[in-house]
Colleague: 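Okay, here's the structure, questions in a sec.
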Amino acid sequence: MSLSREQAKEKIIVALDVPTRERALALAEKLYDNVGAFKIGMQLYNAEGPGIVRDIEKLGGQVFIDLKLHDIPNTVAEAARVLTGLQAFIMTLHAAGGKKMLAAAAQAVAESVPENGRKPLVVAVTVLTSLSQQEFTEEIGIDRPIAEQVVSWAKLAKAAGLDGVVASPQEIALIRQACGQDFKIITPGIRPIWAAANDQSRIMTPRQAVEAGADYLVIGRPITAQPDPAEAAQRIVAEIMEAAV
Ligand code: C5P
């Protein structure tokens, strides 16, 4: 089976890794018709505040607010309520905060969905892909293969009532096997063959990632750094439509 244009488009989340509202909106205006959602990370959110989320939503875009919350359960739950009020499409927190923190956030989100609003997907970040095995063992102090820890945190997130995880393309199969078909897997590290790898090393093409079982692909520079971002997004949609799923 292959995906329709609409299904392929819905899988693309563009990372708006820019410092200002003007640059973010200029990109969003060019792209909202060709992608499923926009990711606002800590740079843009901290520079512009929640207004930038509303501005993108006004354009018709869905927003993945990627703040990677990690604090005591009550603090994270209250922050999750705020993001639910903003009608985020997806929000993130660190699995390392533990089951109580994850469950408190999931519950706060479920309780605070506005009338006629939607429930954001609450997803956990597991082991940061920037960490090497050596750093993970010697500096963080967890003497276990990273892949094992990723799967164990994905299971914890699922048990706490979360909707999914952010994971590198290489981890998709293991997580899918451990957490089932309905658990959302969002993956960065995506590079079409025609794009530069930049600083990403463990990469997959959009088609490979979808075939491996990713629900959503976070894509930044292969779209945002192109002379014609809308055309780049359309090429990626076409590539995803060819995936055998
Ligand atoms: O430009 P590029 O496609 O590399 O952007 C990928 C986005 O995904 C960035 O916002 C980056 O912070 C994020 N990300 C990542 N790798 C992770 C987690 C998040 O590249 N493991």
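The figures here come from the full heavy-atom set of this structure, side chains too, leaving out hydrogens, waters and symmetry mates. What you are looking at is a predicted structure, and each value in this text was computed from that prediction instead of being measured. Counting convention: from 1, in listed order, for ligands and their atoms alike.
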Colleague: Please confirm whether Arg191 comes within less than 3.5 Å of ligand 1 when only nitrogen or oxygen atoms on both sides are compared.
Modeller: yes
Colleague: Short list, please: which atoms of ligand 1 are under 4.0 Å from a heavy atom of Ala15?
Modeller: 7 (C), 10 (O)
Colleague: Has Gln7 got a side-chain atom pairing as donor or acceptor with Ser4's backbone, closer than 3.5 angstrom?
Modeller: yes
Colleague: Is atom NZ of Lys68 surrounded by more than 12 heavy atoms (other residues, nucleotides or ligands) closer than 6.0 Å?
Modeller: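 Correct, the count exceeds 12.
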Colleague: Side chain, backbone, both or neither: which part of Ser130 has a heavy atom under 4.0 Å from ligand 1?
Modeller: neither
Colleague: Name the closest protein heavy atom to atom 20 (O) of ligand 1, giving the residue it belongs to and the distance to 0.1 Å.
Modeller: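 For atom 20 (O) of ligand 1, the nearest protein heavy atom comes out as Gln200 NE2, 2.8 Å.
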Colleague: Run down the list Gly220, Ser168, Pro188 and name the one with the heavy atom closest to atom 14 (N) of ligand 1.
Modeller: Pro188
Colleague: Among protein heavy atoms, which lies nearest atom 12 (O) of ligand 1, and at what distance?
Modeller: Lys39 NZ, 4.2 Å
Colleague: Does Glu22, at its CD atom, have more than 12 non-hydrogen atoms belonging to other residues, nucleotides or ligands within less than 6.0 Å?
Modeller: yes
Colleague: May I ask you to say whether Arg23 pairs ionically with Asp17, meaning some side-chain N is under 4.0 Å from a carboxylate O?
Modeller: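 So Arg23 does not pair with Asp17 through a salt bridge.
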Colleague: Going by the atom numbers of ligand 1, which of them fall below 4.0 Å from some non-hydrogen atom of Arg221?
Modeller: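 Reading through ligand 1 atom by atom, the close ones are 1 (O), 2 (P), 3 (O), 4 (O).
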Colleague: Does Tyr32, at its OH atom, have more than 12 non-hydrogen atoms belonging to other residues, nucleotides or ligands within less than 6.0 Å?
Modeller: no
Colleague: Can a donor-acceptor pair be found, under 3.5 Å and without considering hydrogens, that links the side chain of Asp215 to the backbone of Ile185?
Modeller: yes
Colleague: Run the numbers for me: atoms of ligand 1, each under 4.0 Å from some heavy atom of Val218, listed by number.
Modeller: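 Atoms satisfying the 4.0 Å criterion: 7 (C), 8 (O).
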Colleague: Check this for me: does any side-chain nitrogen of one of Asp228 and Arg235 sit under 4.0 Å from a carboxylate oxygen of the other?
Modeller: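 Here Asp228 does not pair with Arg235 in a salt bridge, since their nearest N and O are not under 4.0 Å apart.
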Colleague: Under the 3.5 angstrom rule, does the side chain of Gln62 hit a backbone N or O of Phe89 as a donor-acceptor pair?
Modeller: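 It does not hold such a pair.
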Colleague: Counting non-hydrogen protein atoms only, what is the nearest one to atom 10 (O) of ligand 1? Give residue, atom name and distance.
Modeller: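 Going atom by atom, the protein heavy atom closest to atom 10 (O) of ligand 1 ends up being Asp17 OD2, 2.7 Å.
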Colleague: Below 4.0 angstrom from a heavy atom of Pro222, which ligand 1 atoms are there? Numbered from 1 as shown, please.
Modeller: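 Taking each heavy atom of Pro222 in turn, ligand 1 has 3 (O) under 4.0 Å.
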Colleague: Quick test: of every protein heavy atom, which one is nearest to atom 21 (N) of ligand 1, and how far off is it to 0.1 Å?
Modeller: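 I find the closest protein heavy atom is Thr129 OG1, 2.4 Å.
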